[in-house]
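Reckoned from all heavy atoms, side chains included, excluding hydrogens, waters and symmetry mates. Throughout, numbering of the chain's residues begins at 1 and tracks the sequence. Note that the structure is a prediction, hence the values are computed from the model and not measured.
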Amino acid sequence: GFQLSYSQVGDISTDRPDQSESPYLVDKGYFQAEIGGAIEKTGEYDLSIIGDVVTVHTHSYPSALFRYGLSKNVELRAGIEYLQLKNKSKFEGEEPTDAGFSPLMLGTKISLFKEKKSMPETSLILSISIPFKESSPFQSDFIGTDFRFVMTNNLSKRFTLSYNIGGEFGAGSQGATGIYTISLGAGLMNKLSAFVELYGFMPQ
């Protein structure tokens, strides 16, 4: 004969799709894959001379993050994106320009503090980005490093406030860039939630 047993994992907490990373870790011994896509308007050029307007969009698909619970307080992380720039104009239509993979991200998330009264649940994310394919226009000339303190307060059963502060070094240039995010999330019903978010970057 044989015995079949299983353990139920707790609630799944993802680091996608918002910019604010979550302080919660994947349970020890579990693997979690987060795969999605995004379309972002990254530029607009008014070609008044010929009466055309060109908009530039960055498409990211797939965007993948892989997480593994190494211990109760540490998870391992790896991520990569396939990026494509597209120009869209009323004269030329939509046409792709550049495409390729982002650098490979390797890192870890370390739990620092559990939420207690007004003290937020807090973790530290450390990672490096490693260029690996010279033909991609999105590869960097430098190995990048970054850190981010990620925090969450549960304001009530329905509302959460998440915020991050950190910096990255050497990914796209030799300088440093600060990162900040703040996100208010609301549980609307059993399996549906929404969020509003502010985020930005602070060049050196």
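- Using modelled atom types, one finds a donor on one side chain and an acceptor on the other under 3.5 Å when comparing Thr152 with Ser162.
- Under the 4.5 Å side-chain heavy-atom criterion for grouping Ile, Leu, Val, Met, Phe, Trp and Tyr, Phe31 is not connected to Leu65 through any hydrophobic cluster.
- Side-chain contact annotation: Ser20 with Asn164, donor-acceptor N/O pair under 3.5 Å absent.
- One hydrophobic cluster, built from ILVMFWY side chains closer than 4.5 Å, cannot hold both Leu192 and Val196; they sit in different ones.
- For Arg77 and Glu34, the salt-bridge test fails: no basic side-chain N is under 4.0 Å from an acidic carboxylate O.
- Heavy atoms of other residues, nucleotides or ligands lying less than 6.0 angstrom from OH of Tyr180 number more than 12.
- Checking Ser63 against Glu81 by side-chain atom types alone, a donor-acceptor pair falls below 3.5 Å.
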Check your understanding: Stepwise, does the side-chain contact (heavy atoms from CB on, under 4.5 Å) test hold for Ile39 with Thr58?
Key -> CA-CA 6 Å; Ile39 300 174; Thr58 300; over 6 Å; no

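- Across Gly37 and Tyr61, no two heavy atoms sit closer than the pair CA-CB, 4.1 Å.
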query: Run the side-chain contact (heavy atoms from CB on, under 4.5 Å) check on Glu21 and Arg148 step by step: do they pass?
result: CA-CA 9 Å; Glu21 305 272 12; Arg148 190 184 291 210; 3.6 Å; yes

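- Across every non-hydrogen atom of Asn73 and Leu25, the tightest pair is C-CD2, 3.2 Å.
- No side-chain donor-acceptor contact under 3.5 Å links Asp98 and Gln84.
- Side-chain contact, Tyr163 with Asn153: a donor N or O sits under 3.5 Å from an acceptor N or O.
- For the atom pair CG (Leu126) and CZ (Phe147), the distance works out to 9.0 Å, reported to the nearest 0.5 Å.
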Please walk me through it: do Gln32 and Thr14 pass side-chain contact (heavy atoms from CB on, under 4.5 Å)?
CA-CA 9 Å; Gln32 182 168 307; Thr14 66; 4.1 Å; yes

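- To the nearest 0.5 angstrom, Asp146 atom CG is 8.5 Å from Ile125 atom CD1.
- Using a 4.5 Å heavy-atom threshold, the side chains of His57 and Glu40 count as separate.
- When all heavy atoms of Pro103 and Phe138 are compared, the closest pair comes out as CD-O, 3.5 Å.
- Of the inter-residue distances, the one linking Phe113 atom CZ with Phe149 atom CZ reads 8.5 Å to the nearest 0.5 angstrom.
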Residues 104-111 side chain polar contacts: donor-acceptor under 3.5 Å, at least two apart:
residue: Thr108; atom: OG1; partner: Glu75; partner atom: O; Å: 2.8
residue: Lys109; atom: NZ; partner: Asp15; partner atom: OD1; Å: 3.3
residue: Lys109; atom: NZ; partner: Asp15; partner atom: OD2; Å: 3.2
residue: Lys109; atom: NZ; partner: Ser22; partner atom: O; Å: 2.5
residue: Lys109; atom: NZ; partner: Tyr24; partner atom: O; Å: 3.1

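- Atoms CD1 and CZ, from Ile35 and Phe66 in turn, are 4.5 Å apart once rounded to the nearest 0.5 Å.
- Distance check: Phe201 CZ to Thr177 OG1 gives 8.5 Å after rounding to the nearest 0.5 Å.
- Under a hydrophobic clustering in which Ile, Leu, Val, Met, Phe, Trp and Tyr are joined whenever their side-chain heavy atoms come within less than 4.5 Å, directly or via other members, Phe159 and Leu161 fall into the same cluster.
- For the pair Asn87/Leu85, no side-chain contact is recorded, criterion being any heavy-atom separation below 4.5 Å from C-beta on.
- Proximity of the aromatic rings of Tyr82 and Phe101 is defined here by a centroid distance below 6.0 angstrom, and this criterion is met.
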Exercise for the section: List the steps and the verdict of side-chain contact (heavy atoms from CB on, under 4.5 Å) for His59 and Lys86. Expected result: CA-CA 8 Å; His59 294 227; Lys86 288 190 175 182; 3.7 Å; yes

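- If you chain together hydrophobic residues whose side chains sit under 4.5 Å apart, Ile182 and Met119 fall into the same group.
- For the atom pair CD of Glu197 and CD of Gln19, the computed distance is 6.0 Å after rounding to the nearest 0.5 Å.
- By the criterion of side-chain heavy atoms lying less than 4.5 angstrom apart, applied directly or through intervening Ile, Leu, Val, Met, Phe, Trp or Tyr residues, Leu198 is grouped together with Leu155 in one hydrophobic cluster.
- Listed for the Arg158 side chain is a donor-acceptor partner under 3.5 Å among the backbone atoms of Gly187.
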